[in-house]
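Sequence lines set the chain letters: A, B, ... in the order given, protein chains first and strands last, and positions in each chain run from 1. Every heavy atom of this structure was used, including side-chain atoms; hydrogens, water molecules and symmetry mates were not.
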2 protein chains.
Amino acid sequence: MVITLADVAKRAGVSRSAVSRTYTEGASVSDKTRSKVMKAARELGYTPNIIARSLATSRTQLVGLVINNFQNPIFLEVLDQFTRLLQERNLRPLLVNLSDNPDPADSVEMLRQYRVDAVIVASSTLPPACSLAFKEVGLPVINVFGRYNPTPDVHVVGIDNQHAGAMAARTLHSRGYRALGFLGGPERATSTQDRLKGFKEGLKSLKLKTSCVHYADNYSYETGYAAMKELLATQQFDALFCGDDVIGMAALGAARDAGISIPKDLGIIGFNDMEMSSWQAFGLTTISQPITDICNSTVELLGNLLENPERGAETRLFPCKVIERDTLRKS
Amino acid sequence: MVITLADVAKRAGVSRSAVSRTYTEGASVSDKTRSKVMKAARELGYTPNIIARSLATSRTQLVGLVINNFQNPIFLEVLDQFTRLLQERNLRPLLVNLSDNPDPADSVEMLRQYRVDAVIVASSTLPPACSLAFKEVGLPVINVFGRYNPTPDVHVVGIDNQHAGAMAARTLHSRGYRALGFLGGPERATSTQDRLKGFKEGLKSLKLKTSCVHYADNYSYETGYAAMKELLATQQFDALFCGDDVIGMAALGAARDAGISIPKDLGIIGFNDMEMSSWQAFGLTTISQPITDICNSTVELLGNLLENPERGAETRLFPCKVIERDTLRKS
DNA sequence: TTTGATTTTGCAACCGGTTGCAATGCAAAA
DNA sequence: TTTTGCATTGCAACCGGTTGCAAAATCAAA
């Protein structure tokens, strides 16, 4: 037997509206009524039914949180931040795993059925069409870690991957490396493409050419290790820009196994600055994304979006930073 | 302008009930009516409102997923599995981050307000009282990675930590180590306590005593590293059972830095078999929990629980397994 | 064709809240 | 004391579905 508004109203000797109003921010209720209601509610153990409220207000306070990468530990941090920030704003994350099927249609339908107030798509590997699909059914959507688009059709918060690629090129060059290779994540990921593009352009402006380009199909150690072995067997290079720290660490492992001296004979720079890159077993020099800034900005933008859903699409880019460790020669 | 049941009904020339029934599993509708409705719905772009349905049926298909450990990468895998398994059953995970505030009261209230059908508390560090709090307000709850309790008041799915501790003791002993130490995770975590208890009992039946006992306050590398350094400075031992792989890897790092030969002069066994323990930079011998079995079993139990919420509390324990790598001598 | 059993259908009440509107109460101003 | 203005209150309709029940339709058997 569950307690409803009406029960509380009866016990407090007021109307149902009065009860509703004491639970509504900024509604007009006298202190006297409010305290009568509170008392009755406490005595009965009343808990407002948000589902019913959602129906009436057509606001659920639910936010779809779409993720497709449960391999990369960086996303655990992302989840941590998002859940915290959303909780602070009284928003609730409905988690969606898009790993196996990159076709968002089902998820779109599902989140629509739940009438979520907005959607966060956190992925650098999902195609832009995915976020668009949400927008097309009228759901406010933010693509975090998405691709920069000069004429955006969907809100994007993240980094400028091209710029980061150029930064990697300049950094390697400044340490005296000259034969620079690229070992990216999945080739189809826009983040990979953009980083490579920026890397190449960076090299060009330094009058250099990319020594080799190779990809790891996913962000696992094995894949990265195998890719690096192949690279070592077939290519010449004295420094490597890796599309992710996991791959960077795998490359580091493979190089060490091949007896290559790091950073003397080979320099490696990773991407993401995950927790364990700092462990002294690796000491991987890497480029970090300002995850905290990105997540904060996303949720803040989300807040604005809920006030004004028609707000035009914008792009928010944050600068990356080189994290100095032991896999590059000192400049 | 959003399309409702009534709109579809009007266009299809049937009653609202008919529309509702075509969207309800196992309801009685003729094929003719059903197809008329489907056609109208398609033409109008109708999406049923699950919130309204939830209100009417008092079933939301929402499941609270409570996590408090966003540091340990193992939980990313857990999240991956749970989201997948829940999705398969048309259940939706509402993610709750209990990191900062271990007092579950707010979360209980929130999940209650959303009328979630059930709650999964996935944690080995939260006190049992936390899961109980959910039960007390009438929410079916399963504590995953929880503590074994011979007279359980809450459903528990996980491993027998005591048994695992004994397994660690036997394993170290069988490799010829005799001065066995324990470096656990947070002391207050029941999993830590139980593993230590089992470890001690295992030693006792081998006529040995624990050489030293120490704890790391959390599951981070730094903390583990510092704890290990202290241990090395103050204690004598030739093998160490670590409460978690992160700590194990930190211990490994600290030992190497101290110039200790592993596994010859010091054996280390970890816990959890996380992805990177297998990386050849570590090759950490460890004890693995059968995460997949545990998650499967949890969701299956959850399914049963939804059918019959009054089902008595049960405990489901799965066996752990030693994963042989390079940080123990061969037997 | 009639009868009885079985499906299918629509009506209307209900799920548990919110909110516009008119009525009421109350205090300050006239 | 009467009037005016504002804060409070309750009524009743509404949000978008589900479902028990009785009536209508369908089907098979007689």
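Pair check for dT26(D) finds dA5(C); Watson-Crick or G-U wobble, both atom distances under 3.5 Å.
A salt bridge does not link D153(B) with K135(B): none of the charged nitrogens is closer than 4.0 Å to a carboxylate oxygen. Using a cutoff of 4.0 Å between basic side-chain nitrogens and carboxylate oxygens, D7(B) and R11(B) are not scored as salt-bridged. Ion pairing between D194(A) and R147(A) holds under the 4.0 Å rule for side-chain N and carboxylate O. Between E300(B) and R89(B), none of the side-chain N atoms (NZ, or NE/NH1/NH2) sits under 4.0 Å from a carboxylate O, so this pair counts as no salt bridge.
Between Y219(A) and F70(A), the ring centre distance reaches or exceeds 6.0 Å.
Checking the phosphate oxygens (OP1, OP2) of dT8(D), a side-chain nitrogen or oxygen of S28(A) falls inside 4.0 Å. OP1 or OP2 of dT9(C) sits under 4.0 Å from a side-chain N or O of S30(B).
Distance NZ (K32(B)) to C1' (dT7(C)): 13 Å, rounded to an integer number of Å.
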query: If the sugar-phosphate is the primed atoms plus P, OP1 and OP2 and the base is the rest, what is the B/S/- string for nucleotides 12-22 of chain C, using protein heavy atoms under 4.0 Å?
result: BB-BBBBBBB-

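Listed by chain and number, the residues in a side chain to side chain donor-acceptor pair (under 3.5 Å) with S35(B) amount to none (sequence neighbours excluded).
Residue-level contact check: T33(A) touches the backbone only, with heavy atoms under 4.0 Å from sugar-phosphate atoms and none from bases.
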